[in-house]
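The next block holds one structure in the form of structure tokens; read it before the comments.
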Amino acid sequence: MVNLNGGEMQTTLQTLSRVWQRINPAEPFEYSFLDADFQKNYESENRLTTLVGYFTFIAILISCLGLFGLASFNAEQRVKEIGVRKVLGASVTNIVALLSKDFIKLVLMALLIASPIAWYAMNRWLQRFAYKVDIEWWMFAFAGLVAVGIALLTVSFQSMKAALMNPVKNLRSE
């Protein structure tokens, strides 16, 4: 290892090449810069980060589509119940809360299962680095809030649609 100044790089490399050839003429003079070596080490991590980002987006999209389908099915199955509740004076907020609470429970249960697994996997992955950050509880709380928010946005559209339907038309058709 040699520490070089930026301005004298070519002359120093030529001098090192001559000294190398004098000491060990059978081996070719090959050199690399430390910053390039470090960059090579972290290129795989950068590729992994990009790949995980793409797959995360796809997973969130697929889960939102599935949640939307479940919410549509649930609202369709409970059309008569929603109509009776509206006739008896339930507000749109009450109906949306009624339809959304089951899905929020499922998201919270999924968070309880996934958080310890994610903590373990992230902790194992971070052990490979010399400098690492600690995984704090608020990171999982923030991820949970984002997951609940996405679930609420996905379910609330279908819940609002079901809550705003004309109850007389739904009860008459049943």
Self-check item: Atom pair NZ (Lys101) and CG (Leu108), whose distance is rounded to the nearest 0.5 Å
Solution: 13.5 Å

Exercise. Check whether any side-chain heavy atom of Asn24 lies under 4.5 Å from a side-chain heavy atom of Glu27, and answer yes or no.
Key: yes

Practice problem: Evaluate the side-chain proximity of Val92 to Met160: yes if any heavy-atom separation is below 4.5 Å, no if none is. | Solution: yes

Exercise. Group every Ile, Leu, Val, Met, Phe, Trp and Tyr by side-chain heavy-atom contacts under 4.5 Å, then state whether Val133 and Tyr42 land in the same group.
Key: yes

Quiz item: If you look at every heavy atom in Ile95 and Lys86, which pair is closest and at what distance?
Solution: CD1-CG, 3.0 Å

Exercise. For the residue pair Gln39 and Phe33, establish whether any side-chain heavy-atom pair is separated by less than 4.5 Å.
Key: no

Quiz item: Do Val155 and Phe68 pass the side-chain contact (heavy atoms from CB on, under 4.5 Å) test, and can you show the C-alpha distance, the side-chain angles, and the key distance before you say yes or no?
Solution: CA-CA 6 Å; Val155 172; Phe68 184 77; over 6 Å; no

Quiz item: Is there a path from Val146 to Trp138 through hydrophobic residues (I, L, V, M, F, W, Y) whose side chains come within less than 4.5 Å of each other?
Solution: no

Quiz item: For atom CE of Met139, is the number of surrounding heavy atoms from other residues, nucleotides or ligands below 6.0 Å larger than 12?
Solution: yes

Self-check item: Closest heavy-atom pair and its distance - Gly144, Leu111
Solution: CA-CD1, 3.4 Å

Self-check item: Hphob cluster co-occupancy, Phe103 + Ile113, side-chain heavy atoms under 4.5 angstrom
Solution: no

Self-check item: Minimal non-hydrogen separation, Val96 against Ala163, with atom names
Solution: CG2-CB, 4.2 Å

Exercise. Give a yes or no on whether the backbone of Leu153 and the side-chain of Ser156 come within a donor-acceptor separation of less than 3.5 Å.
Key: yes

Quiz item: Which distance, rounded to the nearest 0.5 Å, do you find between the NZ of Lys105 and the CE of Met109?
Solution: 9.5 Å

Quiz item: Under a 4.5 Å side-chain heavy-atom rule over Ile, Leu, Val, Met, Phe, Trp and Tyr, are Leu51 and Leu126 clustered together?
Solution: no

Quiz item: Any link between Trp137 and Leu145 through a network of hydrophobic side chains (Ile, Leu, Val, Met, Phe, Trp, Tyr) touching at under 4.5 Å?
Solution: no

Quiz item: Does any non-hydrogen side-chain atom of Trp125 lie less than 4.5 Å from one of Leu48?
Solution: yes

Practice problem: Hey, could you give me the OH/CG distance between Tyr31 and Leu13, rounded to the nearest 0.5 Å? | Solution: 5.0 Å

Quiz item: Is the closest basic N to carboxylate O distance between Asp35 and Lys40 below 4.0 Å?
Solution: no

Practice problem: Measure the shortest side-chain to side-chain distance between Ser17 and Gln14 over non-hydrogen atoms and say whether it is less than 4.5 angstrom. | Solution: no

Practice problem: Drop me the distance from Leu61's CG to Thr56's OG1, to the nearest 0.5 angstrom. | Solution: 12.5 Å

Quiz prompt | Heavy-atom side-chain proximity of Asp134 to Glu136 below 4.5 angstrom | solution = yes

Exercise. Report, as yes or no, whether the 6.0 Å neighbourhood of atom OH on Tyr54 holds more than 12 heavy atoms from other residues, nucleotides or ligands.
Key: no

Quiz item: Which of parallel (below 30°), tilted (30 to 60°) and perpendicular (above 60°) describes Phe29 and Trp20?
Solution: tilted

Quiz item: When rounded to the nearest 0.5 angstrom, what distance separates CG in Leu67 from CG in Leu152?
Solution: 9.5 Å

Quiz prompt | Ionic contact status for Glu76 with Lys161, cut-off 4.0 Å | solution = no

Exercise. For the residue pair Gln158 and Leu99, establish whether any side-chain heavy-atom pair is separated by less than 4.5 Å.
Key: no

Self-check item: CG-CG distance between Leu88 and Asn94, expressed to the nearest 0.5 angstrom
Solution: 12.0 Å

Practice problem: Evaluate the side-chain contact (heavy atoms from CB on, under 4.5 Å) criterion for residues Ile60 and Phe55: first the C-alpha distance (whole Å), next the side-chain angles of each, then the deciding distance (0.1 Å), finally the verdict. | Solution: CA-CA 9 Å; Ile60 289 172; Phe55 281 120; over 6 Å; no

Exercise. Evaluate the criterion side-chain contact (heavy atoms from CB on, under 4.5 Å) for residue pair Ile150 and Thr154; output intermediate values, then yes/no.
Key: CA-CA 6 Å; Ile150 290 172; Thr154 304; 4.2 Å; yes

Practice problem: Might you work through the side-chain contact (heavy atoms from CB on, under 4.5 Å) test for Val79 and Glu81, ending with a clear yes or no? | Solution: CA-CA 6 Å; Val79 167; Glu81 176 190 352; over 6 Å; no

Quiz item: Going by heavy atoms in the side chains, are Phe140 and Ile135 under 4.5 Å from each other?
Solution: yes

